[in-house]
Number of protein chains: 2
Amino acid sequence: MDSTQAVLDFVNHGHERYLPHLSIDCVIFSYHEQQLKILLIRYYNQSKWSLPGGFIAKDETLTQAANRILAEKTQINNLFLRQFQVFGDSPARLNELGAREVHNATYAKVNVALDENSWLAKRTLSIGYYALVGYLDVVVTPEYLVDEYCWREVTNIPPLLFDHQEIIESALLTLRSQIYQQPIGYNLLLEKFTLPEIHALYETILGKQFDRRNFRKKLLALGLVRQLDERRNIGPHRSPFLYEFDTENYRRALEEGAVLGF
Amino acid sequence: MDSTQAVLDFVNHGHERYLPHLSIDCVIFSYHEQQLKILLIRYYNQSKWSLPGGFIAKDETLTQAANRILAEKTQINNLFLRQFQVFGDSPARLNELGAREVHNATYAKVNVALDENSWLAKRTLSIGYYALVGYLDVVVTPEYLVDEYCWREVTNIPPLLFDHQEIIESALLTLRSQIYQQPIGYNLLLEKFTLPEIHALYETILGKQFDRRNFRKKLLALGLVRQLDERRNIGPHRSPFLYEFDTENYRRALEEGAVLGF
DNA sequence: GCAAAAGTGTTTTCAGTACACCCATGC
DNA sequence: GCATGGGTGTACTGAAAACACTTTTGC
């Protein structure tokens, strides 16, 4: 939606294309400068931030919808995307009137006020997806109703609309619990990475510290990563070696549910 | 729904009470005679079986809806119930015409045929829940449109409508992956149980065998169970001791994500 | 007495953990 | 030469795994 006309069409005719009562919200994680970050957007005329989201078209599958929405927001296709939970309990979701007022603040930009019969004014449950993306791969496309966007560190999330805070917390818990079953390192790091990078990533996600030597030993023992002959030149100190994932071993380890036991 | 009148009201006025496009399907597990079983129902005029399910009322939360539906089917309140996945990809779900024909076979009992505008004829995504219940606690209430119900062993599931087979498979995978994080043994066994019972339960769910001695050692070492002074008199052989869960330790172990490492 | 089911301990092995010093670089 | 960050090996410990014989009971 990149024009007044497109927004009006969405408001007035969206119910013909999309399923009402159901939306998708995406928690998009990336890792940059040793920090785990989430992509947030702020809609026109809102002080609180939101998760990027969208609706499911009547003629597309749920998975297609989630991938389409992500691609629209980040220009990345085929990214790592997992459904994790449906949110339908929050009082903010049951209160149709309150939600409508929030939306109307934004739609004021196109001089529209939703009436109580609008498909957008109905109680909506949201399916939470989380995505893992390369920080540098993302190109956030400006949308007409979005004033700004930002990457925020997970430990420093600003006030959010509706139950989006809860969705993020749940996504984080899921990320933690799936770190040994999903190729999380693979999707958040560049193709080549240093040991300190992946070490810090695991420490950040799991929120605890690991001994450098044991961490490397484990990774190598499981054959998850291969040490390369190159080093990365960063700053004034000894250059760290580069590593890459041994995708074959990595895949197998995840399938076996290999608990890395950190 | 226990009368023609109630069904007609549901078909004609359900859209005023329930959210369209969205249903809840329940995979209800119990454990009986050393077998993991699932509750299935067969609707009037259908040859294939179905999972018990229902819709979300406009004024109740998602969690309330799931609990209400389960209570309606099994007469159990406050049972162990967990949301695990939304199903919205199956071709059977996208094909509104095909789904309508299936439903109409059943609604023929009340001489109704859904037209394409009926709320029940719309594409529906389903939120999958799984429940763990005591086999003996369940009282299945006969519903007007349900011809019969049965407990089927998970390894021997008959042909099912729509994507219910996929839902069961996904529920089983979830059950396996959560066996160390959720009080699965606690909810599937009676208050007092024998070592062979819980041993067989874990073997059944995880689909592999465990050494009896190591299994018991682990359970006791973690303090999850307490051996009682009683024995259970079953059949012609040596009577096994009874055990009970040490709920306090059990709870703590699950919180810590104590991998039981079987 | 024998078949079927349940009870029980010891040894080995391997993976997790703890721990400290050296090397390279830029300023 | 010193501050910073990266690289690396060993010893200990504890939990998982492997393993077999005895007891009870009904027939």
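Values reported hereafter were calculated over all heavy atoms of this structure, with side chains retained and with hydrogens, waters and symmetry mates removed. Note on naming: letters A, B, ... go to the chains in the order of the sequence lines (proteins, then strands), and numbering restarts at 1 for each one.
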Atom pair distance, as rounded to whole Å: CG in A/N214 and C1' in C/dC19: 9 Å
Main-chain N/O of B/F215 paired to B/H199 side chain as donor or acceptor, under 3.5 Å: no
Nucleotide C/dG7, atom P - distance to CD of B/Q227 in whole Å: 7 Å
Base of C/dA6 paired with side chain of B/R213 (donor-acceptor, under 3.5 Å): no
Under-3.5 Å donor-acceptor pair between A/K217 side chain and D/dT8 base: no
Residue mapping more 5' on DNA chain C - nearest nucleotide basis, A/D211 or A/N233: A/D211
Phosphate contact (D/dG7 OP1 or OP2) by A/R216 side-chain N/O below 4.0 Å: no
Sub-6.0 Å ring centroid separation between B/F84 and B/Y129: no
Side-chain donor/acceptor contact of B/H237 with base of C/dA4 under 3.5 Å: yes
Nucleotide C/dG16, atom C1' - distance to NZ of A/K208 in whole Å: 12 Å
Gap between atoms CZ and P, on A/R231 and C/dG26 respectively (whole Å): 12 Å
Ring centre gap for B/Y186 and B/F80 strictly below 6.0 Å: no
B/F193 vs B/F245, ring pair (Phe, Tyr, Trp, His ring centres under 6.0 Å): CA-CA, chis, key distance, verdict: CA-CA 9 Å; B/F193 49 89; B/F245 281 102; 4.8 Å; yes
Whole angstrom value for the distance that separates P of D/dT25 from CZ of B/R232: 17 Å
Length of the CZ-P vector between A/F193 and D/dG6, whole Å: 15 Å
Heavy-atom donor-acceptor pair, B/R212 side-chain to C/dG7 base, under 3.5 Å: yes
Under 3.5 Å donor-acceptor pair, A/R238 side-chain atoms to C/dT25 base atoms: no
Separation of C/dA24 P from A/F241 CZ (nearest whole Å): 10 Å
d(CG, A/L222; P, C/dG16) in whole Å: 8 Å
Neighbour count >12 (heavy atoms, 6.0 Å) for atom CD, B/E248: yes
